[in-house]
Amino acid sequence: MWNSNGDGYGGGFGGQSEGGFMTGDSQFDSPASKEQARGRKVQNLVPMTLRSIQECGDEGLQVTGTEVHMAVVVGLIRAVDVTSTKVTYTLDDTTAVMDVVQWIESDNGPEDGGRSNLMEMTYCRAAGTMRTHQGKRHLMAFQITPVTDLNVVTNHVLSVIHAGLKLQQIQTLQQSSGIGGPATSSTMPNSLVGAGGLGGSMGLGGGSGYSGGGGGMQGLSSQQNMVYQVIHQCPDEAGVSRNAIHGNLTGKISQKQIDEVLDFLSSEGHIYTTIDDDHFKSTDG
Amino acid sequence: MRVNGALLSQHSGRPVVILGTVQQVDPSGMMVSLKASDDQVIQVKLQQPLQENLEGVMEVHGMSQGRQVLCQSYVTFPQESYANFDMGSYDEAVKLIHSVSGNPWKSD
């Protein structure tokens, strides 16, 4: 139906092919979070160590299981190799040594002077994506700058540790609240009561406005809920008689209150009378 | 792995990186006294006599030998880069590298 050629559909569709198709894709959203992440490319920049980059599996960059799009590293330049098309810096950040490649744009002739302060035995910061070439991994940097203040080094050490722990925290929060989405935005601990399991539990004392999952109805007080549950659970075709309800709930709710609740429930439409005014059934099957 | 003065002796026989301020250079040019980030003074043994006059902050890469480090390479920094350097924070960072479990800086 949602074909990629928009021309057949005239106005109001914007005529976008791939773009429109992707957003229209939401009806085909599969529950698997991995596929969601592929369709909506994860965009993040995470401080990492060269060793973590090297040790990532073939799935691409990851930090404790969270997909990483770009990494920033700080390390010592051990070697510089300049060719006509690119400059390769061999970077050592005390955990591993890796090549960082920076492609030279052809019209950047005079800019070469700026790059020469990236010399051997100086610290630099590089940000980019991981690429594998001829079996070897390297970082394709979109930006490499020299470190002018040593505090940058301290900062990077701390950022890496922080990022690892933070991503772990986001993951555990997402798992515990039952969402399997990609960890992109910052998370507030989910304040909703998680997957119900309250299934009509009657253990609540007199709380009003009880809204929950499970078997309870929304907006009923605990008393109303109790009466409703008794009626709801009665398998009898004729429903449950008023006296039976009274008997069931003696000690918990007074007869007068039960009657009031019954009036309320029937006016709300949750229950209806059957063979006579004293037999009730619930409207929800 | 980055260390400070106290941690240096704990990693004897392993490759370490230690950053500190130069206290004194031995007249032979083969030994340097370095005050580490935790204010402990450690000795740096060089493989070749020093060619330059070292001062300020330097970072030594080498093998730990107890209270000494056998230098394989070193990095010196221009004065501007360490003028505002917070040695205390660096020391804290080094301590965190060794204490936070499962962090990517630690090899074992």
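Order of the sequence lines fixes the chain letters, A, B, ..., with proteins taken first and strands second; residue numbering starts at 1 for each chain.
Both the backbone and the side chain of A:His156 come within less than 4.5 Å of a heavy atom in chain B. Only the side chain of A:Val153 comes within contact range of chain B, with at least one heavy atom under 4.5 Å from a heavy atom of that chain. In this structure, the portions of A:Asp93 lying under 4.5 Å from any heavy atom of chain B include both its backbone and its side chain. Looking at B:Val16, neither its backbone nor its side chain comes within 4.5 Å of chain A, counting heavy atoms on both sides.
By the neighbour-count criterion of 12 heavy atoms within 6.0 Å, atom CD of B:Gln23 is densely surrounded, having more than that number from other residues, nucleotides or ligands. Residue B:Gln47 places its CD atom among more than 12 non-hydrogen atoms of other residues, nucleotides or ligands, all under 6.0 Å distant. In the displayed structure, B:Glu52 atom CD is contacted under 6.0 Å by more than 12 heavy atoms of other residues, nucleotides or ligands.
Chain B forms more heavy-atom pairs under 4.5 Å with one residue of A:Val147, A:Asp92, A:Thr148, A:Leu165 than with any other, namely A:Thr148.
Checked by atom type and distance alone, the side chain of B:Trp105 never pairs as donor or acceptor with a backbone atom of A:Thr95 at under 3.5 Å.
Of residues 64-97 of chain B, those residues lying under 4.5 Å from chain A by any heavy-atom pair are B:Ser73, B:Tyr74, B:Val75, B:Phe77, B:Glu80, B:Ser81, B:Tyr82, B:Asn84, B:Phe85, B:Asp86, B:Ser89, B:Tyr90, B:Ala93, B:Leu96, B:Ile97.
B:Glu59 contributes atom CD, which lies 6.5 Å from atom CG of A:Leu76 (distance to the nearest 0.5 angstrom). Atom-to-atom distance recorded for B:His61:NE2 and A:Arg78:CZ is 5.5 Å, nearest 0.5 angstrom.
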